[in-house]
Student: 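Before I ask anything, here is the structure I am working with.
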Amino acid sequence: MNDRMSPKLACVGLDCHRNFSSATGRDGSMKVIWRRRLDHQDRGLLREELSRWPAGTPVILEGTFGWGWMSDELRLAKLEPHLSSSRKVAAWRDARGLAKSNKRDADLLTELWGQQPRWWEVWCAPPEVRDLRELLRQRCSLVQMQRRLKNQIHATLHRHGLICQMSDLFGRAGRLWLSAMLADPATPMRDSGRQTLTSYLDLLEQVRSRVARASRQFRSIVRREPVARRLMTLPGVSTILGYTILAEVGRIERFADARHLASYSLLTPIADDSGDDHPGEAPIGRHVGRVGRTTLKWAWIEGARNAVRKSPRMRAVFDRYTKGGEYNRNRGYINVAHQLCLIGYVLWKKDQDYSETPPPRPGSAKHPQQENSTTDKLKPKTKELKNKDDSRPGTGQPQPAMATRVAVKNDPSETDV
């Protein structure tokens, strides 16, 4: 029977793997009506199978490796993909005492659809956001390769007892020293060491050129994105960091407020307090979050290190938490990163640039709207003070107060107060 014409299918659970996926379909009464295996090798057959399902059917995926391309195929088939947190689903399965299997995982995913609220659902990033993240992952892997090659070059020199007096071996002066050392036959290095060092240097040149190319691509994308340019007005946020924040956050509308963004960025402190009280001591096990975007956390903290050197406002925040930089400096950088995250949310949400002077808080006398309203309220009060028959607000006493009035003159025994 053609599933596209079948009115029974209410939701589908799709347990996606590398070579195949296990699918389970349920009807409106949450009864299993079919189970199928979808092979990934032939993309045409996969699309044909997905086209048989009724349009608009919710399909619940698990947020594991490879969910991106499958969600694109589901949208192409006019289906509605929903992404679930693999960590929460695994804890839910373990709490029920169920063993893990492909069949049971697909069945459990369909059971999630009937639960309210949707505690299991996470954001399913659209293709354009995943493209930004793909380029970011590429540059991160290239930088890791570059660091590893530099470590290998240092290790090769150390094995042969060669010491470079330059502070940066891979700067201009350091590269000249390396070239002269390799060209000098009197250098105490065996032929195997020369060959290894030359190979590492050639690979390093190629990787550095690709890192530079990726950086130029980031710069061109940042110029076209107004949000990234506004984020770069934050102290300490460079082009690379602005692009990283843009790619990792994706859509600011999915965060209810700035605190949710800080929690997603792993910048919200969490305390694992025990039942024992320790008066006068800090909470036990206090740490930042563990579940979120680690790359986003790195971007905010890296920006905080630069902001402490450039911004007096952020330097004041850092000194307040570290007693002038003498105590727990890492915690101070995390607090500055938290402040940058909160400010960045406001800049993104309200389309504003960063200002070193913070705006006045609503309700204060310096706030523009409050200042006008305060002035309007004070004007009639000034006129009331001139009229002695009016009462003082909140007291019920006339103006001036009864305690300052002269006693009745008809009774000579009373005197002025």
Side-chain angles (χ1 to χ4, degrees), residues 128-225 227-229 231-232 234-249 293-310 333 337 340:
E128 56 272 14
V129 176
R130 297 205 311 271
D131 292 341
L132 294 176
R133 293 178 177 178
E134 189 78 19
L135 297 176
L136 179 63
R137 302 292 182 272
Q138 179 198 16
R139 188 183 183 279
C140 290
S141 62
L142 291 174
V143 172
Q144 292 176 1
M145 293 179 188
Q146 178 179 258
R147 181 172 62 250
R148 185 174 181 179
L149 287 172
K150 289 182 178 180
N151 292 336
Q152 292 290 345
I153 293 172
H154 279 291
T156 304
L157 295 176
H158 179 67
R159 282 197 300 268
H160 293 81
L162 299 175
I163 300 176
C164 179
Q165 301 296 333
M166 287 70 177
S167 59
D168 185 9
L169 179 62
F170 304 98
R172 180 180 178 85
R175 293 306 302 270
L176 292 176
W177 179 83
L178 285 172
S179 300
M181 182 200 61
L182 290 174
D184 188 3
T187 301
M189 178 180 288
R190 300 178 64 86
D191 294 339
S192 59
R194 293 177 183 271
Q195 182 179 355
T196 301
L197 189 59
T198 303
S199 178
Y200 284 149
L201 290 174
D202 293 340
L203 289 175
L204 181 61
E205 284 296 329
Q206 297 179 15
V207 173
R208 293 181 71 174
S209 64
R210 293 185 180 273
V211 171
R213 186 188 308 173
S215 301
R216 290 192 297 268
Q217 187 176 7
F218 284 9
R219 193 173 294 108
S220 63
I221 294 175
V222 166
R223 290 197 187 103
R224 298 194 304 264
E225 293 291 339
V227 174
R229 295 198 301 269
L231 290 174
M232 288 179 59
L234 285 169
V237 177
S238 60
T239 303
I240 303 300
L241 298 182
Y243 180 90
T244 303
I245 298 171
L246 176 68
E248 293 296 334
V249 173
R293 309 297 296 189
T294 56
T295 310
L296 191 57
K297 173 187 175 183
W298 165 83
W300 288 121
I301 294 179
E302 193 68 20
R305 295 181 182 275
N306 300 329
V308 169
R309 297 193 300 266
K310 298 179 180 180
Y333 288 124
L340 289 177

Student: Given 3.5 Å as the limit, does a donor-acceptor pair link the side chain of S220 with the main chain of Q217, or not?
Tutor: yes

Student: Check A304 against A337 and note the closest heavy-atom contact, atom names and distance.
Tutor: CB-N, 3.6 Å

Student: Roughly how far, to the nearest 0.5 Å, is the CZ atom of R293 from the OG1 atom of T295?
Tutor: 6.5 Å

Student: Measuring from atom CG of L246 to atom CG of L132, what distance do you get when rounded to the nearest 0.5 angstrom?
Tutor: 5.5 Å

Student: Could you list the donor-acceptor pairs under 3.5 angstrom formed by side chains in residues 134-143, with sequence neighbours left out?
Tutor:
{"residue": "R137", "atom": "NH1", "partner": "E248", "partner atom": "OE2", "Å": "2.7"}
{"residue": "R137", "atom": "NH2", "partner": "E248", "partner atom": "OE2", "Å": "3.2"}
{"residue": "R139", "atom": "NE", "partner": "S215", "partner atom": "OG", "Å": "3.2"}
{"residue": "R139", "atom": "NH2", "partner": "S215", "partner atom": "OG", "Å": "3.3"}
{"residue": "S141", "atom": "OG", "partner": "R137", "partner atom": "O", "Å": "3.3"}
{"residue": "S141", "atom": "OG", "partner": "Q138", "partner atom": "O", "Å": "2.6"}

Student: State, yes or no, whether a side-chain contact exists between L201 and L182 at a heavy-atom distance under 4.5 Å.
Tutor: yes

Student: Heavy atoms only: give me the nearest L340-W300 pair and the separation to one decimal.
Tutor: O-CZ3, 3.5 Å

Student: Please round to the nearest 0.5 Å and tell me the distance separating atom OG1 of T239 and atom CG of L231.
Tutor: 11.5 Å

Student: If the condition is salt bridge (Lys or Arg N to Asp or Glu O under 4.0 Å), which residues does R219 pass it with, not counting sequence neighbours?
Tutor: none

Student: Going from CG on L197 to CG on L204, what distance comes out if it is rounded to the nearest 0.5 angstrom?
Tutor: 10.5 Å

Student: Where is the tightest heavy-atom contact between I163 and W177, given as atom of each residue plus distance?
Tutor: O-CZ2, 3.6 Å

Student: What residues, two or more places apart in sequence or in another chain, satisfy salt bridge (Lys or Arg N to Asp or Glu O under 4.0 Å) together with E205?
Tutor: R175

Student: Kindly list each side-chain donor-acceptor pair under 3.5 angstrom involving residues 183-190, sequence neighbours excluded, with atom names and distances?
Tutor:
{"residue": "D184", "atom": "OD1", "partner": "A186", "partner atom": "N", "Å": "3.1"}
{"residue": "T187", "atom": "OG1", "partner": "M181", "partner atom": "O", "Å": "2.8"}
{"residue": "T187", "atom": "OG1", "partner": "D184", "partner atom": "O", "Å": "3.1"}

Student: Give the minimum heavy-atom separation between V129 and A247, together with the two atoms involved.
Tutor: CG1-O, 3.8 Å

Student: Run through R147, K150, Q146 and flag the one making a side-chain contact (heavy atoms from CB on, under 4.5 Å) with V207.
Tutor: Q146

Student: Can you list everything that forms a side-chain hydrogen bond (donor to acceptor under 3.5 Å, both in side chains) with R159? Sequence neighbours excluded, please.
Tutor: T156

Student: Quick one: list whatever passes ring-ring contact (aromatic ring centres under 6.0 Å, His included) with H154, sequence neighbours left out.
Tutor: F170

Student: Restricting to non-hydrogen atoms, name the atom on A299 and the atom on I245 that form the minimum distance, rounded to 0.1 Å.
Tutor: CB-CG1, 4.1 Å

Student: If every non-hydrogen atom of Y333 is compared with every non-hydrogen atom of V308, which pair is closest and at what distance?
Tutor: CE2-CG2, 3.9 Å

Student: Nearest 0.5 angstrom please: L149 CG to Q206 CD, how far?
Tutor: 10.0 Å

Student: Check the surroundings of atom CZ in R210: do more than 12 heavy atoms from other residues, nucleotides or ligands lie under 6.0 Å from it?
Tutor: no

Student: Roughly how far, to the nearest 0.5 Å, is the CG atom of L241 from the CG atom of N306?
Tutor: 7.0 Å

